[in-house]
Amino acid sequence: PKKCNLIGHWVNDLGSNMTISAVNGDGVFSGSYLTAVTVTTNEIKVSPLQGSLQRKNRKGQPTFGFTVNWSYSDSITVFTGQCFVDKDGKETLKTMWLLRSRMDNLENDWKATRVGTNIFTRV
Ligand SMILES: CC(=O)N1C(=O)N[C@@H]2[C@H](CCCCC(=O)O)SC[C@@H]21
């Protein structure tokens, strides 16, 4: 049966690594994220993530969302997506994200948010 489990180690096509630890009974999970790329000139550091897994349907390919609170940068990213299992049992996380960077003033708010898609596969 197609069962996709979020727990474990994931990598995306940018080379960023993500580890998702325990998912509790409410679908709440935490983990860590080590991005391979950054919009800052700061030294990249491991950053914490917190998220929620949708538990309603029992078809095994749940939707989810999580937030990465960058430990080395004045920004934050929210991801949302779904965990899929293909015919060979290979799991992928299809995601979209919004990266909000801190701006010094309101006039620059227009350029503060980046958006993208990304696919994670199990390490
Ligand atoms: C999955 C994916 O596409 N991304 C990934 O793995 N790293 C980049 C961004 C990293 C932002 C770091 C903090 C900063 O530069 O302010 S979040 C979306 C994108």
Side-chain angles (χ1 to χ4, degrees):
K2 290 177 174 298
K3 197 100 177 80
C4 190
N5 175 354
L6 231 49
I7 294 173
H9 304 279
W10 302 88
V11 65
N12 68 25
D13 57 348
L14 298 172
S16 298
N17 284 278
M18 168 168 73
T19 299
I20 294 181
S21 50
V23 178
N24 76 15
D26 300 334
V28 174
F29 61 85
S30 56
S32 59
Y33 201 102
L34 180 58
T35 180
V37 293
T38 179
V39 298
T40 72
T41 54
N42 308 343
E43 185 196 337
I44 292 173
K45 292 186 170 57
V46 176
S47 302
L49 70 87
Q50 299 205 311
S52 263
L53 189 66
Q54 181 51 269
R55 320 276 288 188
K56 286 186 187 49
N57 84 358
R58 288 283 167 224
K59 294 191 189 60
Q61 297 188 117
T63 53
F64 58 84
F66 62 88
T67 302
V68 185
N69 192 341
W70 304 108
S71 58
Y72 70 97
S73 160
D74 258 348
S75 59
I76 200 149
T77 299
V78 294
F79 287 82
T80 190
Q82 186 169 352
C83 188
F84 289 109
V85 187
D86 69 16
K87 60 190 179 332
D88 309 318
K90 188 171 173 302
E91 296 161 300
T92 53
L93 306 180
K94 292 275 283 174
T95 69
M96 287 190 74
W97 50 267
L98 294 169
L99 165 60
R100 171 71 203 210
S101 303
R102 185 187 167 285
M103 294 293 132
D104 284 335
N105 53 63
L106 184 56
E107 287 68 30
N108 288 335
D109 179 63
W110 64 272
K111 61 180 176 179
T113 308
R114 292 173 169 83
V115 61
T117 61
N118 216 290
I119 298 175
F120 292 84
T121 52
R122 259 196 205 284
V123 173

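Order of listing sets the numbers, starting from 1, for every ligand and every atom in it. Just so you know, these numbers come straight off a predicted model, no measurement behind them. Basis for what follows: all heavy atoms, side chains included, without hydrogens, waters or symmetry-related copies.
The closest donor-acceptor contact from the side chain of D86 to the backbone of D88 lies under 3.5 Å. Checking side-chain atoms of K2 against main-chain N and O of V85 turns up a donor-acceptor pair under 3.5 Å.
Under 4.0 Å from ligand 1, heavy atoms of V37 appear from its side chain as well as its backbone. Heavy atoms of V39 found under 4.0 angstrom from ligand 1 belong to the backbone as well as the side chain. Contact annotation: for T38 versus ligand 1, heavy atoms closer than 4.0 Å belong to both the backbone and the side chain.
Shortest contact from atom 3 (O) of ligand 1 to any protein heavy atom: N118 ND2, 2.8 Å. The nearest heavy-atom contact from the protein to atom 7 (N) of ligand 1 is T35 OG1, 2.9 Å. Nearest to atom 16 (O) of ligand 1 among the protein's heavy atoms is S75 OG, 2.6 Å. What sits closest to atom 6 (O) of ligand 1 on the protein, heavy atoms only, is Y33 OH, 2.6 Å. Nearest protein heavy-atom neighbour of atom 12 (C) of ligand 1: Y72 OH, 3.2 Å. Given atom 4 (N) of ligand 1, the protein heavy atom at minimum distance is L14 CD1, 3.5 Å. Scanning all protein heavy atoms for the shortest distance to atom 1 (C) of ligand 1 gives N12 ND2, 3.0 Å.
By the 30° and 60° cut-offs, the orientation of the rings of F79 relative to W97 is tilted. Ring geometry for F64 against F66 counts as parallel: the plane angle stays under 30°, on a 0 to 90° scale with 60° as the upper cut.
On a distance-only criterion, T77 and ligand 1 share no N/O pair closer than 3.5 Å. For ligand 1, none of its N or O atoms has an N or O atom of F79 under 3.5 Å away. Here's the thing with S101: none of its N/O atoms is less than 3.5 angstrom from an N/O atom of ligand 1.
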(request) Please report the C-alpha distance between S101 and S75 in whole Å, then the side-chain angles of each, then the deciding distance to 0.1 Å, and finally whether the side-chain hydrogen bond (donor to acceptor under 3.5 Å, both in side chains) criterion is met. (result) CA-CA 4 Å; S101 303; S75 59; 5.1 Å; no

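A donor-acceptor contact closer than 3.5 angstrom is absent between the side chains of K59 and Q61. In the model, T77 has a side-chain atom that pairs as donor or acceptor with a side-chain atom of W70 under 3.5 Å.
Here D74 does not pair with R100 in a salt bridge; the nearest charged N to carboxylate O distance is not below 4.0 Å.
Rounded to the nearest 0.5 Å, atoms CG (L6) and CD1 (I20) are 4.0 Å apart.
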